[in-house]
**Q** 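Provided herewith is a single structure, encoded as structure tokens, for subsequent inquiry.
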Amino acid sequence: MAAKAADELSKLTVNGSAIKPNPQVNGTDGANGHLSDQDDSEDDKGDDTTATGGANGNSASGASKKKKKKKPKKKKAGGAKVQSDPPRVAVSQLFSSGTYPVGEEVEYKNDNAYRTTNEEKRHLDRMNNDFLQEYRQAAEVHRQVRQWAQTKIKPGMSLTEIAEGIEDGTRALTGHWGLEEGDNIKGGVGFPTGLSINHIAAHYSPNAGNKWVLGEQDVMKVDFGVHINGRIVDSAFTVAFDPKYDNLLAAVKDATNTGIREAGIDVRVGDIGAAIQETMESYEVELDGKTYQVKPIRNLNGHDIVQHSIHGGKSVPIVKGGDQTKMEEGEIFAIETFGSTGRGYVVDDLEVSHYALHADAPNVPLRVQSARSLLNVIKKNFGTLPFCRRYLDRLGQDKYLLGLNNLVSSGIVEAYPPLVDVKGSYTAQFEHTILLRPTVKEVVSRGDDY
């Protein structure tokens, strides 16, 4: 989910063939292990056959029987099954051992190169196994859902259809449908699905009744989160159907990968921003006869992630600056970049859909009964995880806008309006979640797609 403008850079941050498994490989090419191969062997029938005399050289009398030996069945690795279409098989069933694919592991360099083989750091890494499996499970859900979505998102689809397809897949694959009180806090959607089109860079999700339909000439950012026990994987990609936008998307993808490459323990975030800006601004895109240098959106940022909160307090700029804040061992970051053909600066606009309860919400008297009731619903169903109006509708809440606005004005709930550049411009986004483990940097959300 994108970081908010200025100093409030919070980030809130479809049928066809089944998703195919991806082979698990280690190294920097970023492929991740997915589903194991299906058992395609069949039992040999092993029918008894009666020998006949004559030309075949068998006994002419006293018919004897020969029995074919059955070939042993191939064993299924880990008992994995193939994901359904649409995705509805929980990844816990696909990986019944409870061990999930490791993301892209990148060794630290320079002064931190020792960490890869240091026994103390290796011990610390082993102690984090439960934490790592929760993150990797969420990452596997994200990969499978987004790969399915990438094959299904087409012009002519409504934004509501796209968002609900992604969110239902996420809920099914995590095993948390979020309809029972507290279930969504255990796992499921990490924040509302952002479907931000053209000059809208972030935080746009359809509210009930939204009629927006994706068009052939649109550029749409797809930003969604998955969590297990509050361990949020935040990853985004951009879809466009006209090849004229290819350089815009390439610029932002390259810039994000630059940020990932530069990130690490003891690295200053300002230096990462400078590298991102240099990469992105090296690209140009020609649209309708006019050439644009791709600009980073300077008031959007990457951010750290803490348990049950999409923003932990640190930001990762995407332009050069003097921020001397260092990344530290054990931290989790969403490295995301935004490129634009506009002015490269966003402001709040349009109807709000994204909200989140403040972790340190003030204890103030609420005179509006609907606000008190709604606050209870939010605490029990979302905690400090971001939510949107559709999620309240899904829980059977109605006539809640007065109460919701009262919670916002009281400083208890934060509203995150869509963030937009100038009309007529186009924006793109790519994002991954990285774990700064004691021994290696793990790009946990990396997949074969990006």
**Q** Would you mind checking if Arg389 and Glu351 are paired as a salt bridge, meaning a charged N to carboxylate O distance below 4.0 Å?
**A** yes
**Q** Does a salt bridge link Lys320 with Glu281, judged by any charged N lying under 4.0 Å from a carboxylate O?
**A** no
**Q** Do the side chains of Lys244 and Asp288 get close enough for a salt bridge, i.e. N-O under 4.0 angstrom?
**A** yes
**Q** Whether the side chain of Ser309 engages the backbone of Gly312 through a donor-acceptor N/O pair (distance < 3.5 Å, no angle test) should be reported.
**A**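 Not at all, since once roles are kept as given, no pair shorter than 3.5 Å links the two residues.
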**Q** Looking at Thr256, Thr238, Thr337, Asp223, which hits side chain to side chain donor-acceptor pair (under 3.5 Å) with Gln429?
**A**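 Among Thr256, Thr238, Thr337, Asp223, the one that satisfies the side chain to side chain donor-acceptor pair (under 3.5 Å) with Gln429 is Asp223.
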**Q** Check Asn207 against Val352 and note the closest heavy-atom contact, atom names and distance.
**A** ND2-O, 3.1 Å
**Q** Could you check whether Arg171 makes a cation-pi contact with Tyr391, meaning its NZ or CZ is under 6.0 Å from the centre of the six-membered ring and within 45° of the ring axis?
**A** yes
**Q** Quick one: do the Asn257 and Tyr450 side chains pair a donor with an acceptor below 3.5 Å?
**A** no
**Q** Please report the closest heavy-atom contact between Ile185 and Lys380, naming both atoms and the distance.
**A** CD1-O, 3.6 Å
**Q** Without hydrogens or angle criteria, can the side chains of His432 and Ser445 be said to hold a donor-acceptor pair below 3.5 Å?
**A**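 Yes, side-chain donor-acceptor contact under 3.5 Å.
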**Q** Provide the closest heavy-atom pair for Ala275 versus Glu262 in the form atom of the first, atom of the second, distance.
**A** CB-CG, 3.8 Å
**Q** Could you check Lys152 against Asp85 for salt bridge (charged side-chain N to carboxylate O under 4.0 Å, His left out), going step by step and ending with a plain yes or no?
**A** CA-CA 10 Å; Lys152 303 302 178 184; Asp85 180 8; 3.4 Å; yes
**Q** If you look at every heavy atom in His308 and Ile232, which pair is closest and at what distance?
**A** C-CD1, 4.3 Å
**Q** Please tell me if the side chains of Asp323 and Arg268 come closer than 4.5 Å, counting only heavy atoms from C-beta onward.
**A**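 A side-chain contact is absent here, since even the closest heavy-atom pair is not under 4.5 Å.
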**Q** Taking side chain as C-beta onward, heavy atoms only, is Phe387 less than 4.5 Å from Val189?
**A** no
**Q** Report yes or no: do Glu167 and Thr193 form a side-chain donor-acceptor pair below 3.5 Å?
**A** yes
**Q** Which heavy-atom pair separates Val346 from Ala201 by the least distance, and what is that distance?
**A** CG1-CB, 4.0 Å
